[in-house]
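Following: one structure in structure tokens, then a few remarks.
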Amino acid sequence: MPITVGLDFETKSRIDLKTRGADVYASDPSTDILMCSFINKDNGQQWLWNAGEKIPADLVMALNLADEVEAHNARFDQLIYEYIAAPDYGFPLIPAEKWVCTAAQCRVNALPSSLDKATRATNARHKKDNAGSALIRKLCVPDKKTGEFNTDPALHERLGKYCLQDSVAMVALTSLLREMSEIDKRDWQVNERINDRGIKVDIELAKLAQDYAAMEKEALGAALSTLTGGRITKVTQTLKYLEVLKTELPKKLLPLITKTVDGETKYTLDKAARSQLLNSPDLPAHQRHIIDLIDQGGMSSVSKFTAMINRADPDTDRVHGAFTFWGAGQTGRYTSQGLQLHNMKRDCFDATEAKKVIAAMRAGLGLDDPINSLGKLLRPAIIPAKGHKFVVGDWSAIEARVLPWLSDSDGGREVLEVFINGDDIYVITAESMDMDDRQIGKVANLSLGFGGGVGAFQAMAKNYGLTLDDDVVQGVVNAWRDANPWAGKFWRELERAALKAVRNPQTVVPAGRVKYIYIPKILGGTLMCILPNDTVIQYPYARIEKGGVTAMKASVQPKADSTDEWPRKSLWGGFLAENITQATAACLLKELLADMVADDFPVVGHCHDEVILEVLDSEIEDTLLNCQQYMEQSPAWCEDLPLKAVPEIFERYGK
DNA sequence: TGCGGCGGCGCC
DNA sequence: AAAGGGCGCCGCCGCA
């Protein structure tokens with residue numbers, strides 16, 4: 001019987017954990033351990049160790065014998081253990097491969113990641129301990145005024161109880177969950193090794209951009225303040241300005257700032273609304289001027305420079321711990337945080353352009369279209385170390401390949417043939433709809449595979465500057481569905497299989513290349529979808545409502561004080577098709593990363609269908625070829641899925 | 001002052 | 001009946 005020890009550190013530091021991240025936090029000299037609770041999961045034995053106390057002999061033995069050491073957000077506890085507990089307090093070393101993350105286990109079970117939210121979702125016996133977070137504020141961060149840490153022994157003792165409680169809550173919670181598979185555990189490890197390596201940011205650029213943005217923000221705010229007589233002082237106060245517009249905008253323009261959400265009419269000054277207003281000749285000059293300022297002031301992406309600076313290791317300029325394994329509970333895709341690599345503006349400068357802009361900023365010169373220019377420096381602020389370049393490889397049209405492959409249908413195979421032959425899928429898509437517009441073929445291909453209609457097409461069309469009337473789009477939607485009957489058939493097949501599985505517990509129901517099975521004993525009855533490589537995605541608290549299957553929507557939680565049931569979602573065909581497509585693509589990425597890390601490729605980042613390698617100049621050409629080979633070699637479980645990738649070299653990250 | 005809700009925005 | 005969904009972060013605002 002394998003031995004599992006769970007642990008939970010309470011620490012203090014002058015570093016702010018939330019903004020600086022666990023790696024900067026744990027490695028800072030001001031960070032120290034207050035206490036740690038331990039629990040032997042097999043016999044329930046608990047220990048509370050306070051910093052400075054002698055470590056109990058039976059605890060040392062348990063740690064030495066443990067096959068697995070668990071923690072909630074294990075990267076944090078592992079870092080504290082390795083930076084402080086082992087070297088400073090003499091705890092026995094724990095090999096990296098023994099660490100297991102129970103937060104990751106929550107996400108694999110499609111639950112929220114945080115201990116508190118996951119316990120709420122599962123109705124595990126656990127109340128949110130507000131006193132606990134207040135204690136942490138008192139003991140773990142220095143007092144704002146005095147700069148001293150509170151060392152009150154009574155408070156310390158209460159924190160100890162809180163700390164012990166958390167490990168009990170963790171054990172209670174995980175007893176309800178499916179174990180992570182061996183592949184999941186491997187991939188969690190792979191992710192942590194990538195996090196260990198980190199990715200370098202150009203701190204000089206980030207600081208220049210940060211300062212420039214602050215200056216610009218102030219100038220825009222001042223201009224706005226003058227124009228509005230001091231009523232609005234920041235470009236981000238759009239709600240305030242909406243109040244003004246509601247009464248002062250010419251009546252006939254009101255529809256442009258109105259939208260309907262869930263049957264409710266709301267006012268908005270979002271990008272689309274601003275663009276429509278600015279395009280209208282009836283907009284009074286005064287209002288035009290103000291909206292134009294607000295439009296220029298979309299600063300949120302610029303704030304990412306600050307995040308980079310905060311998260312980077314002060315000695316190496318590398319950001320560690322940005323990637324979260326299985327961050328997206330529903331699909332198993334990665335997420336990233338802090339340095340958020342998954343939503344950086346694509347529109348960016350290349351290395352040569354970036355160099356010029358940086359030089360201009362250094363010289364104190366003004367930039368054209370400043371906010372936009374700063375946004376275009378975001379990707380290029382990610383850089384390889386000296387003597388290295390990036391090799392970036394991305395899979396071409398991965399979802400457009402995976403979906404038809406998963407359908408295991410003749411129609412799906414015909415689509416795959418297009419890829420195998422190297423033809424242009426967007427042209428072929430257009431032709432199949434009796435059209436000759438590649439752009440329409442592209443948008444249709446990208447937007448209509450998962451059951452979406454006019455709305456889905458239009459949302460995607462906007463990204464490609466394509467404007468068509470809704471009735472025209474309805475024709476495109478119909479034509480695409482006529483040309484791809486395998487897709488609609490597959491959506492219905494998935495929906496029926498899910499329903500059949502819930503009606504017949506413990507019975508495997510296939511649909512295309514996936515299988516559904518309903519397990520009543522896990523999380524209020526969990527519908528599981530088994531993907532072609534045996535990875536499982538889950539739908540907890542599944543049940544039949546109005547003839548279809550619904551499940552808990554873990555990504556949205558009810559308000560803290562409400563007794564409402566957790567939000568639910570309907571498992572309709574398009575949704576299921578999308579989930580399995582994204583999840584299967586994520587499996588491909590995870591397997592690629594595992595292979596690459598095992599074979600010593602210098603992986604520093606990735607983005608759903610893309611890997612980023614930081615390669616020595618002398619090895620660039622070899623790596624370029626090898627990267628392509630690794631990416632185009634389909635794993636054994638999908639030998640007949642054609643994969644295509646053409647990696648490129650970058651001196652700075654770009655697109 | 002800190003927290004959570006909400007609107008908004010970015011990407012795959 | 002029809003349906004685009006998966007994320008994380010920023011900033012404002014109201015509340016305690």
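Just so you know, these numbers come straight off a predicted model, no measurement behind them. Hydrogens, waters and symmetry mates play no part in the numbers below; they use all other heavy atoms, side chains included. By convention in this document, chain letters (A, B, ...) are assigned in the order of the sequence lines, proteins followed by strands, and residues within each chain are numbered from 1.
When heavy atoms are screened at a 4.0 angstrom cut-off, A/Q582 is found touching base atoms of the nucleic acid. A/M344 comes within 4.0 angstrom of sugar-phosphate atoms only, judged by non-hydrogen atoms across all strands, and of no base. Using a 4.0 Å heavy-atom cutoff across all strands shown, A/K18 reaches no nucleic acid atom at all. A/L269 comes within 4.0 angstrom of the backbone, heavy atoms only, and of no base. Within the nucleic acid shown, A/T268 comes within 4.0 Å of sugar-phosphate atoms alone, with no base atom in reach, counting heavy atoms only.
Residues of residues 444-457 of chain A having a heavy atom closer than 4.0 Å to DNA chain C, listed by number: A/F450, A/G452, A/G453, A/G455, A/A456.
With sequence neighbours left out, the side-chain contact (heavy atoms from CB on, under 4.5 Å) criterion links A/N445 to A/A400, A/I425, A/Y426, A/T429. For A/S407, the side-chain contact (heavy atoms from CB on, under 4.5 Å) partners at least two apart in sequence or on another chain are A/S409, A/W486, A/F490. Residues satisfying the side chain to side chain donor-acceptor pair (under 3.5 Å) criterion with A/D16, sequence neighbours excluded, are A/T19. Partners of A/R543 under the salt bridge (charged side-chain N to carboxylate O under 4.0 Å, His left out) rule, at least two apart in sequence or in another chain, are A/E545, A/E565. In this structure A/D23 satisfies the salt bridge (charged side-chain N to carboxylate O under 4.0 Å, His left out) test together with A/R75, sequence neighbours excluded.
Side-chain proximity of A/D270 to C/dG8, C/dG6, B/dC9: nearest is B/dC9. For A/N343, taking side-chain heavy atoms from C-beta onward, the closest of the listed nucleotides C/dG6, C/dG11, C/dG8 is C/dG8.
The interatomic distance linking A/L242 (CG) with C/dC13 (P) rounds to 11 Å, in whole Å. At whole-Å resolution of the value, CD in A/Q340 and P in B/dC9 are 17 Å apart. One atom, NZ of A/K553, and another, P of C/dA3, lie 18 Å apart when rounded to the nearest Å. One interatomic measurement links the two molecules: CZ of A/F575 to P of C/dA1, which rounds to 21 Å at whole-angstrom precision.
Legend: salt bridge (charged side-chain N to carboxylate O under 4.0 Å, His left out) pairs involving residues 325-340 of chain A, not counting sequence neighbours, sorted by first then second residue: A/R333-A/E399. Listed by first and then second residue, the side chain to side chain donor-acceptor pair (under 3.5 Å) pairs that reach into residues 370-380 of chain A are A/D369-A/N372, A/R379-A/Y653, sequence neighbours excluded.
With 3.5 Å as the limit, one finds a donor-acceptor pair spanning the side chains of A/N533 and A/T535.
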Please enumerate all protein N or O atoms sitting under 3.5 Å from an N or O of nucleotides 14-16 of chain C, with distances to 0.1 Å.
none

